[in-house]
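To keep things clear, I will list the structure first and then write my remarks on it.
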Amino acid sequence: MESSASEKSIRTGADISSAPVRRPPRADWRKRGEIALLSGPALLMFVGFVIFPVMMAAFYGFFKWNGFGWPTEFVGLDNYLLMVQDQTFRDAVAHNFAIVVLSLVMQGPIAILFALLLNQKIRGRSLIRVLIFTPYVIAEVVVGTGWSLMLQDAGALNSLLEKWGLGALQNSWIADPSIAIWSLMIIITWKYIGFAVILMLAGMQSIPEELYEAAAIDGAGFWKTQWSITLPLLGPTIRIWAFLSIIGSLQLFDLVNIIWGQYIAATAGTSTMATYMYQNGHLAGNYGYGNAVAVMLLLISLVVALVYQRFVLRRDTEGALTGDSGKARRR
């Protein structure tokens with residue numbers, strides 16, 4: 001009898017300890033009120049400066065509107081039909097996706113190699129980091145103006161080639177359609193490679209040093225270690241950088257507009273969806289059509305972002321989930 005009573009008391013204590021603790025309703029409402037108070041201003045800013053402008057752009061896209069007063073000339077889907085039938089717009093979309101691919105191919109390997117170099121203990125490492133990252137913090141206006149002056153037909157690059165006796169290599173670096181896109185990619189790589197290097201370097205420094213020590217004990221060389229340890233563990237950082245690079249390439253505007261201007265970008269083969277929107281919307285005084293192009297740019301970027309998140313970033317987001325929701329998602 002005593003043993004059964006003690007076992008009953010033990011089971012009762014275990015049941016009591018394992019039972020979920022219910023919070024009083026007042027505490028729940030207080031917590032919700034704190035969340036609403038802290039997140040309310042941010043939500044209002046997001047709605048006011050993101051959601052509302054997108055909704056208004058979608059609304060204006062159904063009108064022929066000169067930007068003054070309330071739009072009255074409803075055209076329905078005519079702006080979108082005109083857009084997809086315009087060869088100039090299709091060329092701009094093709095240029096954007098070409099920039100996306102070339103940015104990933106050119107910047108990714110270079111950034112990883114620079115990060116591997118700067119992750120080693122070498123003299124002047126801090127100075128090299130500053131020099132690599134400096135172009136990223138320079139304003140696009142300064143970068144575009146400087147490169148446009150250097151790459152003109154009578155610019156510094158052609159003058160330097162002539163001075164060195166390499167006049168045969170002189171070219172129209174920003175006007176020749178077969179060369180202009182590569183000139184743009186060199187400028188983009190020079191401008192944004194510092195950001196990629198910093199991301200890669202931060203990812204490398206988060207890798208446990210014990211893994212490299214174990215690889216050294218096993219006799220693995222430097223490149224074997226980087227291939228087997230660094231690159232796999234650097235995967236999440238590379239995927240995040242690639243996502244940011246893709247979205248930035250799809251929305252590229254300032255460098256193209258500053259270097260090539262409002263007229264030569266299309267003929268030089270460097271126009272983008274953003275420059276097309278600016279030229280055919282703002283400069284042409286057809287703001288309804290410009291808003292339609294902006295909506296199309298948003299939809300293309302959104303689709304690319306969702307597809308990338310679904311098929312590329314899914315493993316990273318699932319790995320970040322914890323608790324029952326993460327287990328349910330993984331199942």
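Quantities reported herein were computed from a predicted structural model and do not represent experimental measurements. Every heavy atom of this structure was used, including side-chain atoms; hydrogens, water molecules and symmetry mates were not.
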Cluster question for you: counting only ILVMFWY and a side-chain heavy-atom cut-off of under 4.5 Å, with indirect links fine, are I258 and I99 together? no
Specify the closest pair of heavy atoms between V143 and L255, including all atoms of both residues, with the distance to one decimal. CG1-CD2, 4.0 Å
Heavy-atom side-chain contact between W65 and T72 under 4.5 Å: no
Please say whether more than 12 non-hydrogen atoms of neighbouring residues, nucleotides or ligands are located less than 6.0 Å from CD in E162. no
State the CZ-CD1 distance between R30 and I35, to the nearest 0.5 angstrom. 13.0 Å
I want to check something: taking the side chain as every heavy atom from C-beta on, are E34 and L37 in contact at a cut-off of under 4.5 Å? no
Solution key, residues 76-85 side-chain donor-acceptor pairs under 3.5 Å, sequence neighbours excluded:
unit_1 : atom_1 : unit_2 : atom_2 : d
N79    : ND2    : G61    : O      : 2.8
N79    : ND2    : F63    : O      : 3.1

Considering non-hydrogen atoms only, spot the tightest contact between M277 and A294 and give its length. SD-CB, 3.5 Å
Y287 and Y60: aromatic ring centres closer than 6.0 Å? no
Would you say I240 ends up clustered with I246 if hydrophobic residues are merged whenever their side chains have heavy atoms under 4.5 Å apart, either directly or through other cluster members? yes
Let me confirm one number: the CD-OG1 distance from Q107 to T189, rounded to the nearest 0.5 Å. 4.5 Å
Counting distance only, does the side-chain N/O of S228 pair as donor-acceptor with the main-chain N or O of T225 below 3.5 Å? no
Can you check whether L252 reaches I188 side chain to side chain, under 4.5 Å on heavy atoms? yes
From CG (L149) to CD1 (I259), nearest 0.5 Å: 10.0 Å
Least distance between heavy atoms, A115 atom then V197 atom: CB-O, 4.2 Å
Aromatic contact, Y136 with F133 (centres under 6.0 Å): yes
Is any side-chain heavy atom of L201 closer than 4.5 Å to a side-chain heavy atom of R129? yes
Given ring pair (Phe, Tyr, Trp, His ring centres under 6.0 Å), test W147 with W190 step by step and report yes or no. CA-CA 11 Å; W147 278 96; W190 178 84; 5.7 Å; yes
Any donor-acceptor N/O pair, S183 side chain to I174 backbone, under 3.5 Å: no
More than 12 heavy atoms of other groups within 6.0 Å of M55 CE: no
Can you confirm whether more than 12 heavy atoms, excluding those of F52, are under 6.0 Å from its CZ atom? no
Side chain to side chain, W260 and T267, heavy atoms closer than 4.5 Å: no
Can you check side-chain contact (heavy atoms from CB on, under 4.5 Å) on F62 and V295, steps first, answer last? CA-CA 11 Å; F62 294 111; V295 172; over 6 Å; no
Linking I/L/V/M/F/W/Y whenever any side-chain heavy atoms sit under 4.5 Å apart, do I193 and V100 land together? no
Would you check if the side chain of K163 reaches a backbone N or O of N158 as a donor-acceptor pair within less than 3.5 Å? no
If every non-hydrogen atom of A274 is compared with every non-hydrogen atom of Q251, which pair is closest and at what distance? CB-O, 4.2 Å
For K64, look at atom NZ and say whether over 12 heavy atoms of other residues, nucleotides or ligands are found less than 6.0 Å away. no
Inter-residue atom distance I187.CD1 - T270.OG1, 0.5 Å rounding: 9.5 Å
Is there a side-chain hydrogen bond (donor to acceptor under 3.5 Å, both in side chains) between N257 and T275? Walk through the geometry before answering. CA-CA 7 Å; N257 189 65; T275 59; over 6 Å; no
State plainly whether one hydrophobic cluster holds both F114 and W241, where clusters connect Ile, Leu, Val, Met, Phe, Trp and Tyr through side-chain heavy atoms under 4.5 angstrom apart. no
Could you check whether D153 and W173, counting side-chain N and O atoms only, form a donor-acceptor pair closer than 3.5 Å? no
As an exercise, state the distance from CG of N96 to CE of M273, rounded to the nearest 0.5 Å. 4.0 Å
Heavy-atom pair of closest approach, residues R239 and L313: CB-CD2, 3.9 Å
For the pair H95 (side chain) and D91 (backbone), establish whether a donor and an acceptor sit closer than 3.5 Å, ignoring hydrogens and angles. yes
Can you confirm whether V256 sits close enough to Y278 that some side-chain heavy atom of one is under 4.5 Å from a side-chain heavy atom of the other? no
Out of curiosity, D218 CG to K224 NZ, how far, rounded to the nearest 0.5 Å? 11.0 Å
I'd like to know whether L250 forms a side-chain contact (heavy atoms from CB on, under 4.5 Å) with F97, so could you lay out the CA-CA distance, the side-chain angles of the two residues, the decisive distance to 0.1 Å, and finally the verdict. CA-CA 7 Å; L250 290 176; F97 280 96; 4.2 Å; yes
Do you know which of L233, I112, T237 makes side-chain contact (heavy atoms from CB on, under 4.5 Å) with M204? I112
Please report the closest heavy-atom contact between P53 and G48, naming both atoms and the distance. CD-O, 3.4 Å
Keeping the roles fixed (side chain from N280, backbone from Y276), state whether a donor-acceptor pair exists under 3.5 Å. yes
Cluster link L298 to M296, ILVMFWY, side chain under 4.5 Å: no
Just checking, any donor-acceptor pair under 3.5 angstrom between side chains of Y212 and T230? yes
